[in-house]
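For reference, the structure is listed below as structure tokens.
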Number of protein chains: 2
Amino acid sequence: MDSRSAGRAAVGKRQRLTAAAARVLHEQGVERTTIADIARAADVPAGNVYYYFKTKDELVEAALAEHSGYLATLTRRLDRLPNPRERLKGLVAAWVDQRDTAARLGCPTGTLAVELDKRAEGGLDLAVGQVIRQLLDWVEQQYRQLGVADPAGHALALVGAYQGMSLLTNALRDPEIMTREGARLAREIDGLVQG
Amino acid sequence: MDSRSAGRAAVGKRQRLTAAAARVLHEQGVERTTIADIARAADVPAGNVYYYFKTKDELVEAALAEHSGYLATLTRRLDRLPNPRERLKGLVAAWVDQRDTAARLGCPTGTLAVELDKRAEGGLDLAVGQVIRQLLDWVEQQYRQLGVADPAGHALALVGAYQGMSLLTNALRDPEIMTREGARLAREIDGLVQG
DNA sequence: GTCTATACAGCGATAGAC
DNA sequence: GTCTATCGCTGTATAGAC
């Protein structure tokens, strides 16, 4: 195996571990997930994980970056829509699309925020705040382009509504909640006027 | 020590353990809290806990019941207000009052819901759903008395907004979020008309 | 770079003396 | 009813062979 394919294999394992961490940590929660769980899901030998990630926290950090990347991809796709109103409704539609996952597991970032808040060491609690900020900033931009008053307030309300309905959908195990609330949010966005 | 004071002492320890569990589980999270932590906070010898609670899950269950009781007390107090609009705004005001705690720790019931969802054994994930239902039902009653259309939908939106703003307040460490969002919710309640 | 073996710590739960 | 001692397990992390 030459150095190029060896390098590729190494990147491959790291990426598989990162993707597996994002998935398994969402499913089982941070505290109940062992490094062996993630290794198994990534199809990487358990004892090999520490070569790529020195601590469990580094794996959590990688998973968080994965979610941040997903969010960036989503908003970049929405940016191609013709106007801010459509972009915001596209975001809501993307949320509603995830309703079954939300009912089983909640919002990936939101549940991570709750768990990492209780994990003071390493400052991961602040890192997850930045990911939420990232979404908040994008939403605020859209409201600003719409010309409404207090775009930051509108952004807080919309992202907050999403986090809240994810939590209720999960706690009550009912994806329909997401559908109903999503429809309400879309109506509100449609009803907005400049001012 | 006669049987009466022995009984009282037993009840006292059980209650202290329950109150301590509610507090410490909220502060540290379920998974990161040890039975010894709760015992220390309750000022009960560590080895004595198992006499009152056979498992850790029973302690969690007791903490959940404590939160449910708090909620019942709060809504009973709000029931003395003259009309449903004031009662709903009183609920929002009670939430905003807790903004500093929310910024540090999030909503007690909401964070518990996220954590217990990942703890399938014992059915505590369903129990926390019932506590949320309890609040949802009370709120729905108020909207019904107000005569608005779709009182259940309004209840989901209000409680969802609370859970969402609690999570954002906590993740971003900013109690002001709670104040702003609370003001917005109060305005919405004031603006409601029958139909 | 890969993998095995294991050190080391913490915790839930139990047994049993008092 | 109270408390100590400890079992047994799990999980993070490391040492070191290959």
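Bear in mind the structure is a predicted one, so any value in this text is a computation, not a measurement.
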(Q) What verdict does the salt bridge (Lys or Arg N to Asp or Glu O under 4.0 Å) test give for A/Glu188 and A/Arg184, after you've listed the backbone C-alpha separation in whole Å, the side-chain angles of each residue and the deciding distance to 0.1 Å? (A) CA-CA 6 Å; A/Glu188 277 190 11; A/Arg184 182 181 66 79; 3.0 Å; yes

Q. Please walk me through it: do A/Asp174 and A/Thr169 pass side chain to side chain contact (heavy atoms under 4.5 Å, CB included)?
A. CA-CA 5 Å; A/Asp174 181 7; A/Thr169 294; 5.8 Å; no

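Side chain of A/Arg119 to main chain of A/Asp125: no donor-acceptor pair is present (N/O by atom type, distance under 3.5 Å, no hydrogens or angles). The closest donor-acceptor contact from the side chain of A/His154 to the backbone of A/Ala149 lies under 3.5 Å. At distances below 3.5 Å, at least one donor-acceptor pair connects side-chain atoms of A/Lys56 with backbone N or O atoms of A/Val30.
Dashed line: the shortest gap from a side-chain N or O of B/Lys13 to OP1 or OP2 of D/dT2 is under 4.0 Å.
Listed nucleotides: C/dA13, D/dT2, C/dT2. Nearest to the side chain of A/Tyr52: C/dT2. With C/dC3, C/dA13, D/dT2 as the candidates, the nucleotide lying closest to the side chain of B/Lys56 is C/dA13. Candidate nucleotides C/dA13, C/dG1, D/dT2 were compared by shortest atom distance to the side chain of B/Thr55, and C/dA13 ranks first. Here the nucleotide nearest the side chain of B/Tyr50, chosen from D/dT2, C/dG12, C/dT2, is C/dG12.
For DNA chain D, the residues of residues 37-47 of chain B within the heavy-atom distance limit of 4.0 Å (strictly under) are B/Pro45, B/Gly47, sorted by number. Near-neighbour residues of DNA chain D inside residues 20-35 of chain B, defined by a heavy atom below 4.0 Å, are absent.
The distance between atom CG of B/Asn48 and atom P of C/dA17, rounded to the nearest whole Å, is 18 Å. Atom OH of A/Tyr51 and atom C1' of D/dT14 are 16 Å apart (whole Å). C/dA15 atom P lies 14 Å from atom NZ of B/Lys54, rounded to whole Å.
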Can I get a per-line list of side-chain donor-acceptor pairs under 3.5 Å for residues 92-111 of chain B, giving both atom names and the distance, sequence neighbours left out?
from, atom 1, to, atom 2, distance (Å)
B/Arg99, NH1, B/Val96, O, 3.1
B/Thr111, OG1, B/Cys107, O, 2.9
B/Thr111, OG1, B/Pro108, O, 3.2

Solution key, residues 59-74 of chain A side-chain donor-acceptor pairs under 3.5 Å, sequence neighbours excluded:
from, atom 1, to, atom 2, distance (Å)
A/Ser68, OG, A/Gln134, OE1, 2.9
A/Thr73, OG1, A/Gly69, O, 3.0

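Listed by first then second residue, pairs satisfying salt bridge (charged side-chain N to carboxylate O under 4.0 Å, His left out) with a partner in residues 131-141 of chain A read A/Glu140-A/Arg144, not counting sequence neighbours. Evaluation of the salt bridge (charged side-chain N to carboxylate O under 4.0 Å, His left out) test over residues 108-118 of chain A, restricted to residues two or more places apart or in two chains, returns A/Asp117-B/Arg173.
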